[in-house]
Amino acid sequence: MSLALDFTSPAPASAADRVTLFADVILPLPLPRLYTYRVPYELNDNVVIGGRVIVQFGAKKTLSCIVAAVHEQAPKDYQAKYILEFIDDAPVVTQPQLKLFRWMADYYMCTLGEVINAALPSALKLSSESRIQLHPAFSREENEYPLTAQEEQILDALGTLEESKALTFTEVGELLGVASFHKVIKSLMHKEAIFLFEHTADKYSPKVLKKVRLAHHFVNEASLEMLFNTLTSKPKQLDVLMKYLQRVPVYQNEHANHAGMEKAALTSSPHLSPSAVNTLIKNGVLEQFDQIVSRFPLEDEPTAQLHFTLSEAQTAARDEILNHFGEKDIVLLHGVTGAGKTEIYIDLIRKALEGGGQVLYLLPEIALTAQIVTRLLRVFGSRLGVYHSKFSDNERVEVWNGVLSGRFQVVIGVRSAVFLPFDDLSLIIVDEEHESSYKQYDPAPRYNAREVALMMGNFQGAKTLLGSATPAVETYYQAQQGRYGLVSLTKRFGEAGMPEIELIDTRKQREAKTMHNHFSAELLGEIERKLGAKEQVILFQNRRGYAPVVACQDCGWIPKCTNCAVSLSYHKHSHELRCHYCGYHDPMVSKCPCCGSRAVKTVGFGTEKIEDDLKIMLPQANVQRMDLDTTRAKNAYQQIIGDFEKQNTNVLVGTQMVTKGLDFANVSLVGIINADSIIHYPDFRAHERAYQMFVQVSGRAGRKGKKGKVLIQTADPQQVIFDKVIRNDYLEFYNYEIMQRREHGYPPFMRVIKMTVKHMEQGLCEQAAIFLTQELVERLGRTAVLGPEAPYIFRIRNFFIQEITIKLDRAHTVLKHAKQQILDAIDACKDQKEFKQARFVADVDPM
DNA sequence: ATCTACGACTAA
DNA sequence: TAGTCGTAGATG
């Protein structure tokens, strides 16, 4: 906080030449405009663009927000309120970031407040909570009003607190054990027993280490000698002292004592008792002190040799990339799975750092594993920051501040790492650039981190490298058009060859009665063979749970979710029926509630059933499952990967999770249990998604010298897409797909904006969607608007859904104009009284 | 998002 | 008629 007057700064200007400053701030709310506040004269020098300030918004709320602009224009139509407090004396949001955030709000049709909300770790947003304090003039003895028991309870609690301490509303609620405490507080205020105030505080708290050291007067041989003598009768304390001296060589180096050692290391040692330590502290032998430490301890300097050698192909690719960067800002590195792209990235990062700029390395959530982080840490040491969604808020703030301070020059992170406060980026790497998890869908901003990264690179003059084994069709198109440089790696690193891919016709197998549950004889046989050879197997099934549907064999009754238009999935482990959209769950039924029949059977299958079947058919195999359900716990994912890596498990059954970035040397077989459900998906990206998924899973097979095998089970092997997968020919796939896109007017030729209309009532949802369609058609023309249409799952969390697809010309000016038209159309709908409860959402470049 | 003012509606 | 409920409208 920089509220205090700074006496070292020049004397305040005289009233005559004082300027009146106003600040436009970004409130962390979904409001379309910035709000203007007045800067108090005496704080004119404290205004920092990109710094946080506290303001009063409305009658009740104090909020922390970001200063976006400072100017002298007094607002004409209203009296600006004063800024209450300045939190930062340096920006927490850099100028290039503000520019980027503005672009995001514009492009993705959301508000700046929504962008800020997504961008800032919530510990940087200040929390404002009301607190109550004992009224100084109040005395219980002279009190004229009778007090209720609850009121007494609160006053008691306030009385035991230290001077000037206060209770938060939350604490009052906990104290009384009820949520409805506002009446009690109101009554106490009326009786002038308490008063209320707002308190805003930084939520970030530094990590504090409890340490101990020898009291300074013992730090010489003579006094230590005496100390030993006095402790001879106290063996426990002597043990502690010995341990301390062993860890902190006070004899050799007196200064070593100043740093002391961690208290926990003393108290948690097996033979030392905490009470002995505490006694020593109490008697003044040891002194305890706090040390603020980073949550990311400084690694020892890089251990890996900085100049590891790239293969010939890798070197060539790297040089080609650098060559392209000479004239182009964006390069696509198209390298088959296992080609060794990471080494190239590391080499490029090193080069960029030598030039003095910052580097951002983006990875999709599931690919950002300990494997890759450890590898980078070894090369870049403490210069590397990691930004992961599993991180606590405090950890995120430390990364944020570390980027601001320059401590972290390289950051490896997931989607939201594009929000970090870089101001001098020289290189951005977006690995697995085709990944749909780069697109945020649910809360606004509905952004694609790949596109944001490209724009950020553009703003900061950084070069951007997109990497993938299966580039997005849009990306490859840009490369073909010459807008991006294109570099290809067609061979795997080392001896490893591309895996051999085979299709298995499940329809034929079913007719021949050679299917065992969902396993063909071939797949089962191959699994057994691999296990016999002590090799490992990955099985992919794109559906979690035991069975997606449960049905009564007699009357056809199917349990459905009460909030969504989906059938409930059966989860055997918990013996529950679950909705995968809203989390609703019920115990599994044994008797049909409709006809009373006992013949309630599961239909279809998920990972849990595959795991189950396999355990029965191959009891000698050690099977592990990896999906959303088994990785919910904090370290479960690491645990499963670790077990598989150490070969404690032979077979890994999983959903999409097993397709991404995992690199196991001993996997020689990958099985796709049911390819059909992946292909038959009702949208224009279905084929692309399927192709990517098949190639990515296949890529898990046969690394480090072994040739792998991939078995794909399908009821329809004639599908064109399999041909491209088997021949491992991306270009063939791309040529086919780009033709389709051109023909049907989809990206990259047209731009898509998807409108979603939601309403609790089905009829009103449909009406609102029709109304919006009309408004859109009026503004954009009949051909640009498709729908409305109910999606396959037409109701989620009690909201009915209608979708409208808008296709637009890609030209920049057209697009900008069209977005304004769309916003106008939405406003027209909101003006309609009957649609007041409807929600209208625009999703730019949906995935 | 969240609060307020205002009108409508219900309980006595 | 007071108290409760729901919603349009503003927030600097």
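What you are looking at is a predicted structure, and each value in this text was computed from that prediction instead of being measured. Chain identifiers are assigned alphabetically (A, B, ...) following the order of the sequence lines, protein sequences preceding nucleic acid strands; residue numbering begins at 1 within each chain. Only this structure's heavy atoms are used, side chains among them; waters, hydrogens and symmetry mates stay out.
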S.K.: Please confirm whether the backbone N or O of Val814(A) pairs with a side-chain atom of Lys819(A), one donor and one acceptor, at under 3.5 Å?
M.R.: no

S.K.: If we ignore angles and hydrogens, is there a donor and acceptor under 3.5 Å between the side chains of Asp845(A) and Tyr107(A)?
M.R.: yes

S.K.: Separation of Ile26(A) atom CD1 from dG12(C) atom P, in whole Å?
M.R.: 18 Å

S.K.: Is Tyr78(A) side chain donor-acceptor paired with the dG12(C) base, going by distance under 3.5 Å alone?
M.R.: yes

S.K.: Give every pair of a protein N or O atom and an N or O atom of nucleotides 1-6 of chain B that lie under 3.5 Å apart, one pair per line with the distance.
M.R.:
residue: dT2(B); atom: O4'; partner: Lys61(A); partner atom: NZ; Å: 3.0

S.K.: Looking at every strand, decide which applies to Arg33(A) at a 4.0 Å heavy-atom threshold: base, sugar-phosphate, or nothing.
M.R.: base

S.K.: Any side-chain donor-acceptor pair under 3.5 Å between Thr756(A) and Gln802(A)?
M.R.: no

S.K.: List every contact pair, protein side and nucleotides 5-10 of chain C side both N or O, where the distance is under 3.5 Å.
M.R.:
none

S.K.: Using atom CG of Leu34(A) as one end and atom C1' of dT11(C) as the other, report the distance to the nearest whole Å.
M.R.: 14 Å

S.K.: I want to know whether Tyr82(A) and Tyr37(A) have ring centres closer than 6.0 Å.
M.R.: no

S.K.: Give the intermediate values and the outcome of side chain to side chain contact (heavy atoms under 4.5 Å, CB included) for residues Glu72(A) and Thr20(A).
M.R.: CA-CA 6 Å; Glu72(A) 295 176 35; Thr20(A) 311; over 6 Å; no

S.K.: Classify the ring geometry between His71(A) and Phe22(A) as parallel (under 30°), tilted (30 to 60°) or perpendicular (over 60°).
M.R.: parallel

S.K.: Determine whether the side chains of Glu435(A) and Ser437(A) contain a donor N or O and an acceptor N or O closer than 3.5 Å.
M.R.: yes

S.K.: Between Lys81(A) (NZ) and dT11(C) (C1'), how many Å, whole number?
M.R.: 8 Å

S.K.: Going by the side-chain hydrogen bond (donor to acceptor under 3.5 Å, both in side chains) test, which pairs reach into residues 821-838 of chain A, not counting sequence neighbours?
M.R.: His817(A)-Gln821(A), Gln820(A)-Asp824(A)

